[in-house]
Asker: 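Questions regarding the structure given below will be posed in turn.
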There are 2 protein chains.
Amino acid sequence: MLVNKKIISRFSQYREVLLKFQEMGLSKIFSNVLGDAVGVTSAQVRKDFSLHGISGNKRGGYQIEDLLHELRSILGKDKVHHVVVVGIGNLGRALIQYTGFDKEGIQIVAGFDIDPAKVNKRNRIPVYHLDELNKYVCENQIQIGVLAVPDAAAQSVCNIMVDSDIKGILNFAQIRLIAPEDVVINSVFLQMELENVIYFVNAMENKCTRCRSS
Amino acid sequence: MLVNKKIISRFSQYREVLLKFQEMGLSKIFSNVLGDAVGVTSAQVRKDFSLHGISGNKRGGYQIEDLLHELRSILGKDKVHHVVVVGIGNLGRALIQYTGFDKEGIQIVAGFDIDPAKVNKRNRIPVYHLDELNKYVCENQIQIGVLAVPDAAAQSVCNIMVDSDIKGILNFAQIRLIAPEDVVINSVFLQMELENVIYFVNAMENKCTRCRSS
DNA sequence: ACGTTTTTGTGATTTTAATCACATTTAAAA
DNA sequence: TTTTAAATGTGATTAAAATCACAAAAACGT
Ligand SMILES: NC(=O)c1ccc[n+]([C@@H]2O[C@H](COP(=O)([O-])OP(=O)(O)OC[C@H]3O[C@@H](n4cnc5c(N)ncnc54)[C@H](O)[C@@H]3O)[C@@H](O)[C@H]2O)c1
Ligand SMILES: NC(=O)c1ccc[n+]([C@@H]2O[C@H](COP(=O)([O-])OP(=O)(O)OC[C@H]3O[C@@H](n4cnc5c(N)ncnc54)[C@H](O)[C@@H]3O)[C@@H](O)[C@H]2O)c1
């Protein structure tokens, strides 16, 4: 099995665009149109599909429905995935309050925090004390967790999650988590993403100045 | 000038780790230690530095202070960057309430929203009506903005930001923004990041099953 | 029915990024 | 001082990803 993060990201994007096209009433699509919509070349689109055994019709493009069906299964959209969020601070709260995941088969089912003040079992999405994580995860067979605790606590909370048999973690703490080989860790470093923008804005500016002066 | 997003991300990470080492009282570091801390090879570390004209001492490693000095200027940390957040919903609120950016020279100075109920000029970080964005950005020479409005509004708000002369946007809406060449757009697709985790957890599971059965 | 046009599918090629591997330098030990 | 051991710095190599380019298929017009 190919384990290439970038191709999966593209698949996610293809899917999103295809859903929109489908909503607009279209039933087929060409690689160049899809590529344009996602920002990649048509060859990239065809190769991505080809490598995953997805084929279209010469001259007729791809059937959107077929593509969506394949992407559904590749991306694991054929079942609902239950997710817990650990750390109900600024970010954790934003995530559990966001309602857009549901329609994508991602259901945030519970939050956990170490602060008793954050606990509230009557929320739309209940928030429990961290101590209950292990039990909850085992009983409900949760495989995916979001980690949104302060950096200093992140590794220890990660360990707890791993011990509870969570198999995939989306991490927002600005540290590199250590976890067993069979646990998937995907970290989003928000500060770094912002720094990236700043860097390129600076770089652009310098380039332009140089251009003007030359 | 090299414009490689990945190398800049690594620089951000090097910097973060180096700050920690410095706090711990260390003054020099070897490429293999830094590499381990960030999760890359020592050769990668040396090449990154070498390509940017940063050199250490044969056998003596790198002076942390020197490295930090260079990284500071490469990453534009030598001045404070003012940032505005547009869309004070779940995510926007999380960002303006987060206090960790400040110590990295990133200062969120104002929020903007179209909903009058979100406007509050007496906040620690004041929130204004979207109509005031243009004036504020021009008067305060803001170059960087965060976009956290609903997907459907994102492109039009992006246009307003670009018109106001914002040069870099960190975008959280799940669409590909169209903007002029000289505007830096960096998009964080949170849903996709979560889907990525789900995909790899699924992939792992299938692989293991196959392993067991073989 | 038949040629034209359009689009796929993919091997070949190019580009980009990462790793290797080793000559070179130098800090520390003997 | 001399030796030894340990790092760097970088050209060469390998690996990975993207693009090219074109044969093959098939929808469409005439
Ligand atoms: N909010 C942002 O905009 C932002 C930006 C960049 C990075 N981050 C990162 O995201 C993470 C979370 O940020 P935040 O702003 O939501 O932080 P926060 O301080 O608002 O929330 C953290 C939450 O985790 C809880 N917590 C603390 N220790 C815990 C533990 N051991 N177990 C369970 N819960 C625990 C706290 O009670 C709190 O509710 C941090 O690592 C931060 O570096 C956040
Ligand atoms: N919150 C999450 O966890 C999450 C997860 C995945 C993706 N996202 C994406 O992030 C973006 C923001 O998400 P959110 O949960 O914060 O949304 P939200 O609905 O909570 O907040 C959106 C805010 O934008 C404001 N707004 C609407 N139209 C506007 C306009 N034209 N100009 C200025 N402000 C406007 C609204 O008043 C609201 O305050 C969305 O595009 C969403 O797809 C969020």
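Order of the sequence lines sets the chain letters (A, B, ...), proteins ahead of strands, with each chain counted from 1.
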Asker: Separation of A:Tyr62 atom OH from D:dA25 atom C1', in whole Å?
Answerer: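 In whole Å, D:dA25 C1' and A:Tyr62 OH are 13 Å from each other.
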
Asker: D:dA7 P sits how many Å from B:Leu34 CG, rounded?
Answerer: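 For the pair B:Leu34 CG and D:dA7 P, the rounded distance is 14 Å.
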
Asker: So does A:Thr41 get a side-chain nitrogen or oxygen closer than 4.0 Å to the phosphate oxygens (OP1/OP2) of D:dA18?
Answerer: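 No.
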
Asker: Taking A:His52 for the side chain and A:Ile74 for the main chain, is one N or O donor matched with an acceptor at less than 3.5 Å?
Answerer: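 Judged by distance alone, no pair lies under 3.5 Å.
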
Asker: Could you tell me how far apart B:Lys28 (NZ) and D:dA7 (P) are, to the nearest whole angstrom?
Answerer: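 My rounded result for the distance is 8 Å.
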
Asker: Find the distance B:Arg59:CZ to D:dA6:P and express it as a whole number of Å.
Answerer: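 Whole-Å distance recorded here is 7 Å.
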
Asker: Rounded to whole Å, how long is the line connecting atom CG of B:Asn57 with atom C1' of D:dG9?
Answerer: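 Rounded to the whole Å, the gap is 12 Å.
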
Asker: Under 4.0 Å between a side-chain N or O of B:Gln44 and OP1 or OP2 of C:dA17?
Answerer: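 B:Gln44 to C:dA17 OP1/OP2: no side-chain N or O under 4.0 Å.
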
Asker: From the set D:dA7, C:dA21, D:dA25, return the single nucleotide nearest to any side-chain atom of B:Lys58.
Answerer: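 Given the options D:dA7, C:dA21, D:dA25, the side chain of B:Lys58 is closest to D:dA7.
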
Asker: Closest-nucleotide mapping onto DNA chain C: is B:Asp48 or A:Asn32 further toward the 5' terminus? I mean the 5' end.
Answerer: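 Nearest-nucleotide comparison on DNA chain C picks A:Asn32.
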
Asker: When the nearest nucleotide of DNA chain D is assigned to B:Ile54 and to A:Val40 on a heavy-atom basis, which residue is associated with the more 5' position?
Answerer: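 Taking each residue's closest nucleotide, the earlier one in sequence belongs to B:Ile54.
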
Asker: From the options C:dT10, C:dT26, D:dG11, select the nucleotide whose nearest atom is closest to the side chain of B:Lys47.
Answerer: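 Of all the options, the side chain of B:Lys47 is nearest to D:dG11.
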
Asker: Which pair of heavy atoms, one from A:Asp113 and one from A:Gly89, lies closest together, and at what distance?
Answerer: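 So the minimum-distance heavy-atom pair works out to OD2-N, 4.3 Å.
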
Asker: For the CD atom of A:Glu104 and the CD atom of A:Glu16, what is their distance to the nearest 0.5 Å?
Answerer: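 So the gap between those two atoms works out to 6.5 Å.
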
Asker: If you check every side-chain atom of A:Phe30, which of D:dA7, C:dT8, C:dG9 has the closest atom?
Answerer: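 When the side chain of A:Phe30 is considered, C:dT8 is the closest of D:dA7, C:dT8, C:dG9.
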
Asker: At under 4.0 Å between heavy atoms, what does A:Ser42 touch on the DNA or RNA strands: base, sugar-phosphate, or nothing?
Answerer: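 Counting heavy atoms under 4.0 Å across all strands, no contact is made by A:Ser42.
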
Asker: Does A:Arg46 get its side chain close enough to the base of C:dT7, under 3.5 Å, for a donor-acceptor pair?
Answerer: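 No, no donor-acceptor pair under 3.5 Å.
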
Asker: For the pair made of CD in B:Gln63 and C1' in D:dA7, what is the distance, rounded to whole Å?
Answerer: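 Interatomic distance, CD of B:Gln63 to C1' of D:dA7: 14 Å.
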
Asker: Just to confirm, is there a sub-4.0 Å distance from OP1 or OP2 of D:dA18 to any side-chain nitrogen or oxygen of A:Arg10?
Answerer: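 Indeed, a polar side-chain atom of A:Arg10 lies that close.
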
Asker: Ignoring backbone atoms, establish whether B:Lys6 has a side-chain N or O less than 4.0 Å from OP1 or OP2 of C:dA18.
Answerer: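 Indeed, a polar side-chain atom of B:Lys6 lies that close.
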
Asker: Determine whether the side chains of A:Lys5 and A:Asn186 contain a donor N or O and an acceptor N or O closer than 3.5 Å.
Answerer: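 Yes, side-chain donor-acceptor contact under 3.5 Å.
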
Asker: Just by distance, with hydrogens left out, do B:Ser187 and B:Asn171 show a side-chain donor and acceptor under 3.5 Å apart?
Answerer: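 Yes - a donor-acceptor pair under 3.5 Å links their side chains.
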
Asker: To the nearest Å, give me how far apart CG (B:Leu67) and C1' (D:dA7) are.
Answerer: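 Atom-to-atom, B:Leu67 to D:dA7, this comes out as 14 Å.
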
